[in-house]
Amino acid sequence: MRTVGQRLVEGLAARGVEVAFGIPGVHTIELYRGLAGSGIRHVTARHEQGAGFMADGYARVSGKPGVAFVITGPGVTNIMTAMAQAHADSVPMLVISGVNRMETLGRGLGHLHELPDQRGLTAQVALLSERVERPEDLAPALDRAFAAMLGACPGPVHLEVPLDVMPLPCAPLPEPAPIPSPPDPGAARAAVLLEGARTPLILAGGGAARAGGQLQALAERLDAPVVLTVNARGLLHGHPLVVPASPSLRAVRDLIEGADRVLAVGTELGPTDYDIYARGGVPDLSGMIRIDIDPAQLARHPAALTIRADAAAALAAMATALPARQGDGVARAKAACDAAWNEIEPEAQADITLIGAIRDALPGAVIVGDSTRMVYAGNLFLDHDRPGGWFNAATGFGSLGHGVGAAIGAAIADPLAPVVCLVGDGGLQFAPGEVMTAVDEGARVIFIVLNNHGFGEIALAMREAGAEVIGCDPRPPRLDLFAESCGIPFRSIPCASDDLREAIHELNGTARGGPAMIELRAGVS
């Protein structure tokens with residue numbers, strides 16, 4: 001009879017899992033025994049945090065949960081940063097770990113990889129943390145894990161199996177329980193409120209990223225500008241009603257304040273989108289209609305009407321119930337876009353122009369960002385051409401080093417799509433080993449490294465605060481030699497160079513069988 005670890009892998013395959021990211025260890029041998037012949041591809045990261053970020057990027061692009069296998073103790077603590085990022089951005093991630101033998105738990109006996117309370121630790125960043133203590137617990141634990149990840153609000157889940165339970169004989173698992181369907185949108189009352197609006201506006205967040213067609217249909221029906229948060233970029237690309245600018249900008253706030261009815265779809269209304277400069281003055285949205293799948297999220301802000309539903313279903317129902325109207329939506333959207341662009345500093349405008357060159361050189365690319373200057377600029381204003389194709393860790397939890405792993409996960413999720421990782425030299429040094437994971441996996445990622453020889457944004461913040469700049473100049477490696485040691489194609493060009501498009505075209509052709517790297521030398525003309 002097969003073991004608990006083997007049956008667990010069978011259960012993952014039965015639920016549609018195709019890829020698992022991780023690093024094998026003596027505490028997870030039974031999981032890896034189960035992988036053999038399962039049809040699930042294993043991707044070996046260089047660090048558990050990288051495995052978590054790969055699972056994150058994979059989930060965002062594929063729409064399926066990202067799965068990671070880690071060892072007891074340090075494997076769990078290493079991946080918790082990635083779990084926290086996934087929690088902040090509502091990304092479905094399943095982390096499966098070992099844990100010490102049942103009779104040792106919580107006793108502080110000094111066993112290898114021992115933690116006082118591993119589940120208590122992960123519960124701080126997971127929607128659910130469960131332990132499988134008997135073979136018969138496995139199937140219901142998997143059902144609860146997938147229901148939590150894919151239910152009311154996606155996010156990370158942790159499942160641990162003790163060392164003495166992992167090798168126990170386990171009977172075949174029953175068929176997976178169905179995931180509960182989202183509630184009916186009940187959109188009739190919302191349609192009535194929207195029909196009476198003269199200057200309606202839509203705020204679209206990451207929860208609407210897979211509802212682009214329905215969002216466009218409703219926006220056109222209402223003649224309403226659509227303001228996109230960071231995780232919604234790529235929706236309505238090039239459409240005259242789209243406002244791909246941050247609602248933290250004064251011009252976009254003015255647009256919101258001028259609306260007599262706001263519809264907020266799949267956005268948590270968090271400060272990293274709506275008040276990035278921490279200036280206050282966020283428009284009063286208490287009269288809004290709000291759509292979200294998560295009831296807890298709906299309770300966090302006052303609204304005239306809340307609808308708990310899947311974004312696509314609710315938007316489609318509203319569009320069907322509303323008559324078409326003509327107004328000044330296109331003019332309001334254009335005026336807001338023009339004013340927002342003029343509000344942005346010239347250096348940030350130049351960075352946005354560079355990102356636009358990347359987009360135009362690689363249509364339909366997934367552009368994954370780390371916390372770095374170019375990404376901050378793109379978060380202020382960018383009309384991307386792929387829904388869900390612009391995401392980064394510069395919002396929400398804001399973990400440095402996210403971009404490298406997440407880009408690899410994105411490339412594995414969609415091997416036909418060009419993938420770009422925008423990362424600074426500081427962020428790259430958080431996860432340099434993962435570039436070799438990209439090499440091993442043939443991941444088609446172009447790593448574009450903005451090299452300013454340190455933590456430039458932090459140094460700037462210190463100077464603006466009148467503090468002495470300390471600790472902001474960690475020396476990067478010679479990127480040409482680093483790329484050579486990894487065996488990947490490399491180009492180095494000035495940051496403001498018109499050669500970026502040419503370099504991308506050249507390396508995109510070279511990198512079809514794997515990764516490549518471009519160094520953008522900041523401050524070099």
Side-chain angles (χ1 to χ4, degrees), residues 88-90 152-153 185-187 189-209 211 214-215 218-219 221-233 235-236 241-311 314-315 318 322 327-329 332-333 335-337 339-340 343 379-381 395-396:
D89 288 344
S90 300
C153 183
R189 187 176 164 204
V192 170
L193 294 176
L194 288 168
E195 187 175 357
R198 298 184 308 279
T199 55
L201 177 84
I202 300 174
L203 301 175
Q214 296 87 347
L215 178 65
L218 180 61
R221 203 87 174 156
L222 288 172
D223 191 33
V226 180
V227 175
L228 304 178
T229 68
V230 169
N231 286 327
R233 297 290 174 80
L235 294 170
L236 277 72
L241 288 171
V242 73
V243 181
S246 170
S248 291
L249 295 169
R250 180 69 262 173
V252 182
R253 290 185 175 189
D254 289 343
L255 176 67
I256 296 170
E257 288 174 348
D260 61 358
R261 183 67 68 186
V262 171
L263 173 65
V265 187
T267 172
E268 67 178 8
L269 304 170
T272 53
D273 271 309
Y274 291 84
D275 194 18
I276 190 65
Y277 301 114
R279 295 172 179 165
V282 177
D284 178 13
L285 295 172
S286 58
M288 68 180 161
I289 301 166
R290 194 167 184 210
I291 301 169
D292 205 285
I293 196 68
D294 183 9
Q297 188 61 250
L298 290 172
R300 289 189 182 119
H301 295 275
L305 176 64
T306 59
I307 299 173
R308 184 190 169 205
D310 171 74
L315 293 169
M318 288 182 194
L322 283 166
D328 60 352
R332 287 189 291 137
C337 286
E343 216 177 305
N379 285 349
L380 286 177
F381 198 118
T395 63

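Both backbone and side-chain heavy atoms feed into the values below; hydrogens, waters and symmetry mates do not.
- For the residue pair Arg290 and Thr267, the shortest heavy atom distance occurs at NH2-O, 2.9 Å.
- Atoms CG and CG, from Leu380 and Leu249 in turn, are 5.5 Å apart once rounded to the nearest 0.5 Å.
- Heavy-atom minimum distance, Gly207 versus Ala311: O-CB, 3.5 Å.
- Distance alone, capped at 3.5 Å, places no donor-acceptor pair between the Ser90 side chain and the Cys153 backbone.
- Taking NE2 from His301 and CD from Glu268, the interatomic distance works out to 7.5 Å, rounded to the nearest 0.5 Å.
- Residues Pro244 and Phe381 form a side-chain contact, since some pair of their non-hydrogen atoms from C-beta on lies under 4.5 Å apart.
- Applying the 6.0 Å contact sphere to CZ of Arg189 captures no more than 12 heavy atoms from other residues, nucleotides or ligands.
- Atom CG of Leu215 is separated from atom CD1 of Ile202 by 5.5 Å, given to the nearest 0.5 angstrom.
- The minimum heavy-atom distance between Pro225 and Pro200, with the atom names listed, is CD-O, 3.4 Å.
- Under the side chain to side chain contact (heavy atoms under 4.5 Å, CB included) test applied with Ile256, the options Asp284, Val243, Leu285 reduce to a single match, Leu285.
- Side chain of Asp260 to main chain of Ala197: no donor-acceptor pair is present (N/O by atom type, distance under 3.5 Å, no hydrogens or angles).
- Put simply, the side chain of Asp223 gets close to the backbone of Gly327: a donor and an acceptor are under 3.5 Å apart.
- For Gln297 (side chain) and Asp292 (main-chain N/O), no donor-acceptor pair under 3.5 Å exists by modelled atom type.
- When every heavy atom of Gly281 is checked against every heavy atom of Glu257, the shortest pair comes out as O-OE2, 4.3 Å.
- Remark: side-chain polar atoms of Ser248 are paired, donor with acceptor, to backbone N or O of Ile276 under 3.5 angstrom.
- Proximity of a side-chain donor or acceptor of Asp275 to a complementary backbone N or O of Gly280 within less than 3.5 Å is detected.
- The two residues Ala303 and Met288 come nearest to each other via the heavy atoms CB-O, 3.4 Å.
- Side chain of Thr199 to backbone of Gly258: a donor-acceptor contact under 3.5 angstrom is found.
- A distance of 13.5 Å separates OG1 of Thr306 from CZ of Arg300, quoted to the nearest 0.5 Å.
- Classification of Asp254 and Arg250 as a salt-bridged pair holds, one side-chain N sitting under 4.0 Å from a carboxylate O.
- For the pair Arg253 (side chain) and Tyr274 (backbone), a donor-acceptor distance under 3.5 Å is present.
- Of the candidates Val252, Leu269, Leu263, Val265, Leu269 is the only one forming a side chain to side chain contact (heavy atoms under 4.5 Å, CB included) with Leu203.
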Please test Ile289 against Ile307 for side chain to side chain contact (heavy atoms under 4.5 Å, CB included), starting from the C-alpha separation and ending with a verdict. CA-CA 8 Å; Ile289 301 166; Ile307 299 173; 4.3 Å; yes

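- Put simply, CZ on Arg332 and CG on Leu241 are 9.0 Å apart, with the number rounded to the nearest 0.5 Å.
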When you look at Val227 and Leu255, which way does the side chain to side chain contact (heavy atoms under 4.5 Å, CB included) test go after all the steps? CA-CA 9 Å; Val227 175; Leu255 176 67; 3.9 Å; yes

Between Leu222 and Arg261, does the side chain to side chain contact (heavy atoms under 4.5 Å, CB included) criterion hold? Intermediate values first, please. CA-CA 11 Å; Leu222 288 172; Arg261 183 67 68 186; over 6 Å; no

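- Separation of atoms CG (Asn379) and CG (Asp273) is listed at 8.0 Å; rounding is to 0.5 Å.
- Contact check for Leu235 versus Val226: no side-chain heavy atoms found under the 4.5 Å cut-off.
- Across every non-hydrogen atom of Met318 and Ala190, the tightest pair is CE-CB, 3.6 Å.
- We find that Glu195 and Arg221 are not joined by a salt bridge, their nearest charged nitrogen and carboxylate oxygen being 4.0 Å or further apart.
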